[in-house]
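Okay, so here's the structure we're looking at.
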Amino acid sequence: ENEKEILGNQTGSAEFNEFLDFIGEKVELKGFKGYKGDLDLRKDSNGKHSYITKLGEFEIMFHVATLLPYDNNDPQQIPRKKFIGNDLVCIVFVEEGAYFEPPCVSGDFLHVFGVVQPHKGPNGEKMYKFACTCRSGVPQFGPPIPHPPVFAKNEYFRQFLLVKLLNAERATFHSPFIASKMRRTRQ
């Protein structure tokens, strides 16, 4: 999929929505009292809902393309790209049988893509394939992805995914581009 297709999605598939419910909790943004992830919590200008989760003491607010406002008159979907294109790490949900080729959204900030794809286990149980790809300059980060990279849909995978992506964000701070941006911001 290209950027136009990804940012142009107005609804998610049943598999995608099931994955969102697995990794987080759907919340109404208006009046929400937790971490906002730069989303508007007063006027619904960034959509009515999003997904949030906790990992230890960290609150994670997801910028979900299908839940951010869609503008029929904007083929580039700039309001959606403003959030997703400025994230450092992005989860890409790839439908079964489809493929992913980064970068899916242009911009300077997206450095790590965690790619999740539904998979049927040997007995028909729900599983997920997982891969991670990074821009050059992002140092390695754990935990290591097992071989084969297939996980049962359970709390172990949810925790693994969240830890992997939090560590990915930390690692991006050491990439040359982000490190130089941070130095300039501090001056």
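Basis for what follows: all heavy atoms, side chains included, without hydrogens, waters or symmetry-related copies.
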Taking all non-hydrogen atoms of both residues into account, name the closest pair between [X] and [Y] and its distance.
| X | Y | value |
| --- | --- | --- |
| L165 | G114 | CD2-CA, 4.1 Å |
| T66 | G12 | CG2-N, 3.8 Å |
| E15 | P118 | OE1-CB, 3.2 Å |
| E125 | N123 | OE1-N, 2.9 Å |
| A171 | P139 | O-CD, 3.3 Å |

Does any non-hydrogen side-chain atom of [Y] lie less than 4.5 Å from one of [X]?
| X | Y | answer |
| --- | --- | --- |
| Q117 | Y128 | no |
| S13 | E95 | yes |
| L29 | D40 | no |
| D38 | N86 | no |
| V163 | L55 | yes |
| P143 | K164 | yes |
| D74 | P79 | yes |
| E169 | D87 | no |

Would you please classify the geometry between the F113 ring and the F100 ring as parallel, tilted or perpendicular, with 30° and 60° separating the classes?
tilted
Students often mix this up, so state it plainly: with edges at 30° and 60°, are the rings of F130 and F160 parallel, tilted or perpendicular?
perpendicular
Would you please test C132 and F141 for side chain to side chain contact (heavy atoms under 4.5 Å, CB included) and show each step?
CA-CA 10 Å; C132 204; F141 52 91; 3.9 Å; yes
Hits for side chain to side chain donor-acceptor pair (under 3.5 Å) against K82, two or more places apart or cross-chain, chain-then-number order -> none
The criterion is side chain to side chain donor-acceptor pair (under 3.5 Å); which residues satisfy it with E18, sequence neighbours excluded?
K153
Of I23, V92, V94, L161, which meets side-chain contact (heavy atoms from CB on, under 4.5 Å) against V116?
L161
Between T172 and R135, a side-chain donor and acceptor under 3.5 Å:
no
Name all pairs fulfilling the side chain to side chain donor-acceptor pair (under 3.5 Å) condition that reach into residues 23-32, sequence neighbours left out, sorted by first residue then second.
none
Kindly work out whether a path of hydrophobic side-chain contacts (I/L/V/M/F/W/Y, heavy atoms less than 4.5 Å apart) joins I91 to Y156.
yes
Is there a path from L20 to F22 through hydrophobic residues (I, L, V, M, F, W, Y) whose side chains come within less than 4.5 Å of each other?
yes
Just grab all the ring-ring contact (aromatic ring centres under 6.0 Å, His included) pairs involving residues 43-93, residues at least two apart or on different chains.
F16-F93, F19-F93, H63-F83
May I ask you to list the residues sharing a hydrophobic cluster with I78, side-chain cutoff 4.5 Å, ordered by chain and number?
none
Distance, nearest 0.5 Å, that separates [atom1] of [X] from [atom2] of [Y]:
| X | Y | atom1 | atom2 | result |
| --- | --- | --- | --- | --- |
| I145 | K129 | CD1 | NZ | 14.0 Å |
| C90 | I6 | SG | CD1 | 7.5 Å |
| I52 | M61 | CD1 | CE | 4.0 Å |
| S175 | L88 | OG | CG | 8.0 Å |

Judged by atom type as modelled, is there a donor-acceptor pair below 3.5 Å linking the side chain of [X] to the main-chain atoms of [Y]?
| X | Y | answer |
| --- | --- | --- |
| Q77 | D71 | yes |
| Q159 | F157 | no |
| N9 | T11 | no |

Set out, in order, the CA-CA distance, both residues' side-chain angles and the distance that settles side chain to side chain contact (heavy atoms under 4.5 Å, CB included) for N46 and L41, then state yes or no.
CA-CA 8 Å; N46 302 134; L41 303 179; over 6 Å; no
Tell me whether the count of non-hydrogen atoms from other residues, nucleotides or ligands lying under 6.0 Å of [atom1] in [X] goes above 12.
| X | atom1 | result |
| --- | --- | --- |
| E59 | CD | yes |
| Q140 | CD | no |
| N154 | CG | yes |

If you look only at pairs with a residue in residues 114-124, which of them pass as a salt bridge (charged side-chain N to carboxylate O under 4.0 Å, His left out), with sequence neighbours excluded?
none
Check the pair L166 / I60 against side chain to side chain contact (heavy atoms under 4.5 Å, CB included), numbers first and verdict last.
CA-CA 9 Å; L166 280 173; I60 302 165; 4.2 Å; yes
When you look at H174 and V138, which way does the side chain to side chain contact (heavy atoms under 4.5 Å, CB included) test go after all the steps?
CA-CA 7 Å; H174 301 287; V138 176; over 6 Å; no
